[in-house]
Trainee: 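One structure, pasted below without further comment.
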Protein chains: 2
Amino acid sequence: MIAEKKKAILESTLKLIKENGFHGTPMSQVAKKAGVAAGTIYHYFDSKDTLIMELFSYTQYMIQAAMQESLREDMDFRENFFLRWISRCQFYIQNPDVLFFIEQFVNSPYFPRCSKEQNEFSQNEIIQFIRLGHQNGILRDLDPKLMSIMIHSSIMTAAKVHLDGKFSLAEKEFKQLAQMIWDSIRKL
Amino acid sequence: MIAEKKKAILESTLKLIKENGFHGTPMSQVAKKAGVAAGTIYHYFDSKDTLIMELFSYTQYMIQAAMQESLREDMDFRENFFLRWISRCQFYIQNPDVLFFIEQFVNSPYFPRCSKEQNEFSQNEIIQFIRLGHQNGILRDLDPKLMSIMIHSSIMTAAKVHLDGKFSLAEKEFKQLAQMIWDSIRKL
DNA sequence: GCCACCCGAATGAACGTTCAATAGATACCT
DNA sequence: AGGTATCTATTGAACGTTCATTCGGGTGGC
């Protein structure tokens, strides 16, 4: 659906921003890496700013798509939580570019310019899940949105630790971490 | 101890980076806000890069100094944890510039250039505290460094949520959050 | 022949950094 | 005390580079 070159531009920007940061990735380099001319970028994007804004939407879409694959309904709530937590963590580990781009983006002046729908897009799935847990009386009494933010933050942090290479978490440690988060959100 | 103008330059950079990001804060603006000439910055810092690197050390130092004030030894481990968690959270809320600068910094290409001592400086206090909890058999069996990273991430996330203004957490919510994190690190 | 797509050299603004010049402070000699 | 040399602190205009963006033109499909 999405034009070949447009995708190449988005992917190149993603990689370059991870390596060189927002500043430090000139459009000329994006063009070179994407295999297009500098002018071509402006055929698809109005400016560097809109390129970056669209890149955020693009990553949100990627995440949502990846998460829907890993869903299964034939397990109890706790198992479901573990599966979701670990799946997300694995996604970020397999897509470090996305992880680092998002972290930079949400802490930059770009983020506040996003519409609500956009910045909550990939969180909605978690929020719905939390609501379900509330209805069944399994989870603590805390605003689902706040809870989802805390959970998401734990996922990204765990993925970053692993990618840093200082710990190189194995399956055991991921389960341990998921268990910790589980104990922090469930009623004791 | 630290020269008047040098401090003014650091503080100005901190504020500007929070508002405009790394890019988007030219040296000319830093100079203007600090009330010095452009050239003066280069008397104290070799380049923009070293200014930013030193700014990170500066924030780490601020945090450490602020935390030492809030310490008291006459309480049990659990109360101590709550005090520390909430104190740090409050520090970030009272110093949003520091919070947003650090978040941007640690996810940028600058961070990997830091020495270990620098990026662990402000964490050491937490790590020591966790070790104590391990010795007393209160905390779960998990690498203290990993634990401290997860805790710190929860603190920053909570502070950011509050500063976003979407939730405006009251004391009750902070205690709730601290309780959640407590339940995630202690042996059940 | 039109339109969407694509090119890449050219443009002009913005930026980090330099530097010659100035002022102030400190030290040293007479 | 006066004079002079030395060093640090400071200035802001000027420099050279880099970068986002533009534009005139080219190509191929319909």
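Every value quoted in this text rests on a predicted model; they were computed, and no experiment measured them. Residue numbering restarts at 1 for every chain, and letters A, B, ... go by the order of the sequence lines.
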Trainee: Of all of residues 43-57 of chain A, which get a heavy atom below 4.0 angstrom from DNA chain D, listed by number?
Mentor: Ser47(A), Lys48(A)
Trainee: Between Gln118(A) and Ser57(A), do the side chains contain an N or O donor and an N or O acceptor separated by less than 3.5 Å?
Mentor: yes
Trainee: Can you tell me which nucleotide in dC15(C), dT21(D), dC7(C) comes closest to the side chain of Tyr42(A)?
Mentor: dT21(D)
Trainee: Under 6.0 Å from the six-membered ring centre of Tyr92(A) and within 45° of its axis: does the NZ or CZ of Arg88(A) meet both?
Mentor: no
Trainee: Should Ser122(A) and Gln64(A) be marked as a side-chain hydrogen bond (donor to acceptor under 3.5 Å, both in side chains) after you check the CA-CA gap, both sets of side-chain angles, and the distance that decides it?
Mentor: CA-CA 6 Å; Ser122(A) 85; Gln64(A) 230 229 0; over 6 Å; no
Trainee: Using a distance-only test with no angle check, is there a side-chain donor-acceptor pair under 3.5 angstrom linking Ser184(B) and Ser184(A)?
Mentor: no
Trainee: Taking atom types as modelled, find out whether Gln179(B) and Asp183(B) have a side-chain donor-acceptor pair closer than 3.5 angstrom.
Mentor: yes
Trainee: If I take atom NZ in residue Lys6(B) and atom C1' in nucleotide dA9(D), what distance separates them, rounded to the nearest angstrom?
Mentor: 14 Å
Trainee: Using whole Å, what does the distance between atom C1' of nucleotide dG16(D) and atom CE of Met27(B) come to?
Mentor: 17 Å
Trainee: May I have the distance from Gln29(B) (atom CD) to dG16(C) (atom C1'), rounded to whole angstrom?
Mentor: 14 Å
Trainee: List the atom of Asp141(B), the atom of His134(B), and the distance in Å for their closest heavy-atom pair.
Mentor: CA-NE2, 4.3 Å
Trainee: Can you measure Lys5(B) atom NZ to dG24(C) atom C1' for me and round it to whole angstrom units?
Mentor: 12 Å
Trainee: With a 4.0 Å limit, can you tell me whether Thr40(B) has a side-chain N or O closer than that to the phosphate oxygens OP1/OP2 of dA9(D)?
Mentor: no
Trainee: In whole Å, I'd like the distance from the CG atom of Leu16(B) to the C1' atom of dC15(C).
Mentor: 15 Å
Trainee: Of Ile41(B) and Thr25(A), whose nearest nucleotide on DNA chain D comes first from the 5' end?
Mentor: Ile41(B)
